[in-house]
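Structure first, then comments.
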Amino acid sequence: MAVPTDQDFHWMAQALRLARQALFTTTPNPRVGCVIVKNNQILGAGAHLKAGEPHAEVHALREAGTQAEAADVYVTLEPCSHYGRTPPCVEAVIAVKPKRVIIAMQDPNPLVAGRGVAALRAQGIEVVVGVMENEARNLNQGFISRMTHGLPYVRSKVAASLDGRTALNNGKSQWITGEQARLDVQQWRAQSCAIVTGIGTVLADNPSMTVRLENTTRQPLRVIVDSRLQTPVDSKMLDPVILKSSPVLIVYAHDQNQRADQLKAAGAELVLLPGAANKVDLKALLQLLGQRGINEVLVEAGQGLNGALLHAGLIDEFVFYYAPKLMGDAAKGMFAMPELTEMQQVSELQILDVRQVGSDIRLQAKPVKAIT
């Protein structure tokens with residue numbers, strides 16, 4: 001079995017940096033970078049920036065030209081071996097007769113999953129797999145989740161006071177965190193394929209839930225979980241101008257007030273997903289989003305929807321923003337859930353990262369059971 005060298009890690013880090021260029025743009029495809037190296041020099045480099053456009057390997061091979069023969073090819077994801085919108089990358093790699101192909105991780109797509117590696121080895125090309133695999137996996141958590149479980153990667157963003165309160169008892173919550181934290185949230189929105197919120201947030205805050213960064217080229221799908229179809233037709237979520245670039249999907253459980261046609265006329269797409277207790281079936285919602293090619297979901301909601309998702313085990317990661325404020329026990333909490341009676345029932349988290357953002361603290365954590 002081929003063993004990676006120190007130089008392999010160095011050049012793979014370069015490929016990963018290229019892959020990150022596509023953080024906001026490749027959905028539903030994975031983020032992939034590639035560099036071609038010979039005699040300790042990069043001959044070609046590329047990243048897959050948008051679905052339907054050439055993959056990272058193709059960009060790098062075009063730049064390297066005939067010099068790619070007997071070179072080392074570093075790619076962050078196993079070269080594809082099937083026909084999609086573009087031809088198989090593995091055929092293009094084989095054609096230049098490289099000396100070695102170094103791959104960060106195997107493709108989780110069952111259409112590929114090892115076939116690219118096998119095709120390379122069948123041609124006598126040395127293949128090294130697993131160089132900086134954790135970094136590559138972190139870059140494509142949503143794609144991996146969708147390919148292996150049929151579900152997008154769900155990240156819940158919660159803004160709270162230091163005593164864990166997300167809104168006053170009267171529903172007012174703007175603004176708990178500072179401007180820099182709110183700008184940081186825009187980065188999470190931009191890399192997400194969909195933003196999910198609840199009807200409580202829509203009624204209390206009337207948000208638009210769009211990406212408001214300069215040079216934004218793609219707006220995520222906006223999803224409202226609205227069991228009883230209470231979304232106002234004049235809400236910012238249904239602003240006709242915003243709808244042109246950022247569609248809205250409303251999922252509901254029943255329409256007792258006959259508002260479906262009115263909301264459709266306002267520009268929303270409606271999907272009926274009834275679950276228990278006249279609530280939306282949240283697992284079915286995530287399955288639907290996965291089927292639509294949604295890799296990453298950002299949940300920006302109140303304690304009701306956040307609590308329901310947590311109780312159902314459907315949150316993969318939390319991003320908490322803690323403001324240096326105290327709001328008291330009468331204010332609303334983070335997660336509305338059934339009362340727990342034993343410590344064994346609590347949700348255990350592993351802290352991934354803690355840093356200061358402006359005057360606030362950002363803490364990222366994963367449920368222990370969801371860690372892979």
Side-chain angles (χ1 to χ4, degrees), residues 11-36 44-61 73-93 101-120 127-155 187-194 217-218 220-221 286 289-298 316-317 372:
W11 296 120
M12 187 61 76
Q14 301 283 346
L16 285 164
R17 275 192 281 273
L18 288 169
R20 291 189 188 96
Q21 294 178 358
L23 192 64
F24 303 151
T25 59
T26 57
T27 181
N29 289 359
R31 299 145 183 157
V32 184
C34 177
V35 295
I36 299 174
H48 178 49
L49 300 177
K50 190 175 181 181
E53 295 185 356
H55 289 187
E57 301 94 317
V58 173
H59 284 299
L61 289 167
V73 177
Y74 294 86
V75 62
T76 59
L77 186 70
E78 177 183 7
C80 62
S81 56
H82 69 290
Y83 282 87
R85 295 188 187 181
T86 59
C89 289
V90 72
E91 293 182 3
V93 174
V101 177
I102 300 90
I103 299 167
M105 65 170 286
Q106 180 175 297
D107 195 328
N109 186 341
L111 293 174
V112 182
R115 292 181 175 88
V117 170
L120 291 165
V127 181
V128 181
V129 182
V131 177
M132 301 188 75
E133 180 174 355
N134 287 339
E135 290 83 352
R137 293 183 68 87
N138 286 338
L139 193 59
N140 283 303
Q141 293 176 102
F143 181 75
I144 294 168
S145 179
R146 184 166 66 85
M147 287 294 125
T148 55
H149 306 300
L151 302 173
Y153 186 87
V154 178
R155 186 179 283 115
Q187 301 287 333
W188 294 116
R189 286 186 182 183
Q191 77 173 67
S192 301
C193 310
T217 59
R218 179 188 64 85
L221 172 69
L286 295 179
L289 294 179
Q291 291 164 5
R292 293 189 176 196
I294 299 295
N295 289 334
E296 295 182 30
V297 166
L298 181 66
D316 298 297
E317 181 181 334
T372 57

Could you tell me the separation between the CD atom of Gln191 and the OG1 atom of Thr25, rounded to the nearest 0.5 Å?
11.5 Å
Is it the case that the side chain of His48 and the backbone of Pro30 share a donor-acceptor pair, with hydrogens and angles ignored and the cut-off at 3.5 Å?
no
Backbone N/O of Ala136 and side chain of Thr76: donor-acceptor pair under 3.5 Å:
no
Do Ile103 and Val131 pass the side-chain contact (heavy atoms from CB on, under 4.5 Å) test, and can you show the C-alpha distance, the side-chain angles, and the key distance before you say yes or no?
CA-CA 6 Å; Ile103 299 167; Val131 177; over 6 Å; no
Would you compute the distance between atom CG of Asn138 and atom CZ of Arg20 and round it to the nearest 0.5 angstrom?
9.0 Å
State the CG-SG distance between Leu61 and Cys34, to the nearest 0.5 angstrom.
6.0 Å
Can you tell me if Arg218 uses its side chain to pair, donor with acceptor, with the backbone of Phe24 under 3.5 Å?
yes
Compare all side-chain heavy atoms of Met12 with those of Ile102 and state whether any distance is below 4.5 angstrom.
yes
Short question: side chain of Ser145, backbone of Leu151 - any donor-acceptor pair under 3.5 Å?
yes
Which heavy atom of Leu18 sits nearest a heavy atom of Ala45, and at what distance?
CD1-CB, 3.7 Å
Examine distances only and state if a side-chain atom of Thr27 and a backbone atom of Cys193 form a donor-acceptor pair shorter than 3.5 Å.
no
Checking side-chain contact (heavy atoms from CB on, under 4.5 Å) for the pair Val101/Val93: CA distance, chi angles, key distance, verdict?
CA-CA 9 Å; Val101 177; Val93 174; 3.9 Å; yes
Distance in Å, Arg189 CZ paired with Gln187 CD, rounded so as to fall on 0.5 Å steps:
12.0 Å
Counting C-beta onward and ignoring hydrogens, is there a side-chain heavy-atom pair between His149 and Ile144 closer than 4.5 Å?
no
Is it the case that the side chains of Arg146 and Asn295 hold a donor-acceptor pair, with the cut-off being a distance below 3.5 Å and no angle test?
yes
Report yes or no: do Gln14 and Tyr74 form a side-chain donor-acceptor pair below 3.5 Å?
no
Identified side-chain contact (heavy atoms from CB on, under 4.5 Å) partner of Glu78 from the options Val32, Asp107, Val90
Asp107
Distance check, rounded to the nearest 0.5 Å: Leu77 atom CG versus Leu139 atom CG?
10.0 Å
Quick check: does any side chain N or O of Arg31 sit under 3.5 Å from a backbone N or O of Ala19, one acting as donor and the other as acceptor?
no
For Met132 and Ala104 the tightest heavy-atom approach is O-CB, 4.2 Å
To check you understand the geometry: which heavy-atom pair defines the closest contact between Phe143 and Asn109, and what is its length?
CZ-CB, 4.4 Å
Without hydrogens or angle criteria, can the side chains of Gln141 and Glu296 be said to hold a donor-acceptor pair below 3.5 Å?
no
Would you say the side chain of Leu286 lies within less than 4.5 Å of the side chain of Val154, judging by non-hydrogen atoms?
yes
Taking side chain as C-beta onward, heavy atoms only, is Gln21 less than 4.5 Å from Leu49?
yes
Can you name the nearest heavy-atom pair linking Val35 to Trp11, along with the distance?
CG2-O, 3.6 Å
